Amino acid sequence: MRIVLGVGGGIAAYKAALLLRLFSEDGHEVTVVPTEAALRFVGAPTWEALSGRSVQTDVWSNITDVPHVRIGQEADLVVVAPTTADLLAKATHGLAGDLLTNVLLTARCPVVLAPAMHTEMWEHAATRANVATLRQRGVTVIDPDSGRLTGADTGPGRLPEPEDIRAAAMAAVAGAPSRAHAQEGDLVGRSVLVSTGGTREPLDPVRYLGNRSSGKQGLAVAEAAAARGARVTLVAANLELPVAPGIDVVPVQTALELQAEMAARAADHDVVVMVAAVADFRPADYARAKIKKSHDPADPDAAPTIELVRNPDILAGLVSGRGDATTPLLVGFAAETGDATGSVLAHGRDKLARKGCDLLVVNEVGEGVTFGADDTTVHVLTRGSDETVDIGPASKRLVSDGIWDVVAGSLRPRRQRVLD
Ligand code: CTP
């Protein structure tokens with residue numbers, strides 16, 4: 001996820017350094033946007049060293065990058081810790097005098113504010129009114145902890161511990177409606193099964209045939225569905241990324257394990273999205289002991305020949321398993337490079353016809369493109385239609401929202417209960 005960590009000018013700014021650490025260790029990309037006042041408490045070198053990125057407080061540097069608009073637009077989550085009384089007031093009234101307040105105006109992602117101030121300021125009618133307005137607009141304003149404040153005094157106003165702010169932020173991401181459907185929750189009542197990651201086909205106890213899939217795209221698809229209100233199960237092949245709370249994770253390793261889990265669960269879901277990169281082949285034999293370099297006593301320099309067998313096509317199996325039923329809606333992903341025999345889209349259309357799924361999301365892959373990257377471009381193809389919906393380049397999360405826009409449009413309306 002792309003997280004913007006805003007830091008306000010309060011003594012608790014030092015705790016934001018620990019929060020930054022937590023986010024980075026969870027694998028997020030963090031851009032720190034301190035206010036000028038925050039830098040009086042903790043200087044720019046600390047933020048730059050911990051985030052690995054330069055920081056700026058005003059809107060006048062790096063003008064060609066248009067940071068006052070871009071940083072907010074591209075964020076998947078904005079967290080401001082500590083949020084001072086002054087920042088709360090500015091956020092409420094839409095003031096935009098520095099970079100952080102500009103980010104707050106341009107962000108369309110979940111925004112989480114962690115206030116910290118003296119008890120009198122927190123309890124003042126002005127602050128109470130600002131907090132109420134922000135909450136009404138969908139901003140998460142975390143209640144401060146009670147305890148020892150800057151001086152000898154105690155009371156409500158302490159910045160919560162970094163772990164608690166992280167938990168509140170992740171809950172906001174998992175529970176937030178997506179930005180395109182801010183209030184709709186258009187997948188509420190739907191259940192979604194997503195596969196992600198890349199399968200590993202063991203050769204011996206220490207080796208496997210694998211692929212370069214990071215699992216980020218499938219994770220983004222799952223989290224976007226959860227944010228729109230769906231119940232989500234993620235069948236995760238060798239996924240090493242943290243998953244938002246609220247999503248059920250079923251870990252698997254091999255294509256056969258993935259097939260078994262998908263086949264057993266598909267019929268209970270409204271939508272199945274196969275994002276996982278499934279190995280098409282696996283070693284025909286699994287060697288129970290490590291294959292030694294000199295494995296053939298007759299020819300110590302010989303390299304072994306590894307025989308492969310085909311793995312099942314899981315998506316095609318789900319299509320045939322569905323038979324004449326109309327659910328689940330089946331969505332495939334196609335990683336294509338394009339070659340002499342056809343373009344990326346031409347291969348995509350062929351694949352959609354071959355697999356027989358309802359929708360196919362085609363993305364372009366290759367050296368340095370998409371695998372492990374955060375930004376991607378996809379084209380969504382629908383069976384029985386010549387139309388192509390192009391989404392991106394954008395973060396995998398935003399692209400996932402675009403995919404759900406298309407999928408939600410293809411879902412049959414749920415049966416209404418007749419009340420009279
Ligand atoms: N897929 C699957 N089972 C496989 C291979 C792929 O279910 N054994 C699914 C993927 O999860 C994806 C879609 O099929 O949703 C397309 O995957 P891709 O690797 O692009 O297609 P392949 O069928 O392997 O076709 P090709 O190798 O010809 O590109």
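Just so we're clear, the structure is a prediction, and the values are computed from it rather than from any experiment. Whatever order the structure lists them in is the order used to number ligands and atoms, beginning at 1.
Contact check on Asp204 versus Arg207 returns a salt bridge, with a Lys/Arg side-chain nitrogen under 4.0 Å from an Asp/Glu carboxylate oxygen.
For ligand 1, the protein residues within 4.0 angstrom (heavy atoms only) are Met274, Ala276, Val278, Asp280, Pro312, Asp313, Ile314, Leu315, Gly332, Phe333, Ala334, Ala335, Lys351, Arg354, Lys355.
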Ignoring hydrogens and angles, write down the donor-acceptor pairs under 3.5 Å from the side chains of residues 158-171, residues two or more places apart or on other chains.
unit_1: Arg158; atom_1: NH1; unit_2: Arg148; atom_2: O; d: 3.2
unit_1: Arg166; atom_1: NH1; unit_2: Asp26; atom_2: OD1; d: 3.2
unit_1: Arg166; atom_1: NH1; unit_2: Asp26; atom_2: OD2; d: 2.9

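Within the structure, salt bridge (charged side-chain N to carboxylate O under 4.0 Å, His left out) pairs that include any residue of residues 314-333 comprise Arg322-Asp358 (at least two apart or interchain).
The side-chain heavy atoms of Phe23 and Leu20, taken from C-beta on, include no pair separated by under 4.5 Å.
In this structure, the separation between CD on Glu48 and CZ on Arg53 is 11.5 Å, given to the nearest 0.5 Å.
Considering only residues two or more places apart in sequence or on other chains, Arg354 meets the salt bridge (charged side-chain N to carboxylate O under 4.0 Å, His left out) condition with none of them.
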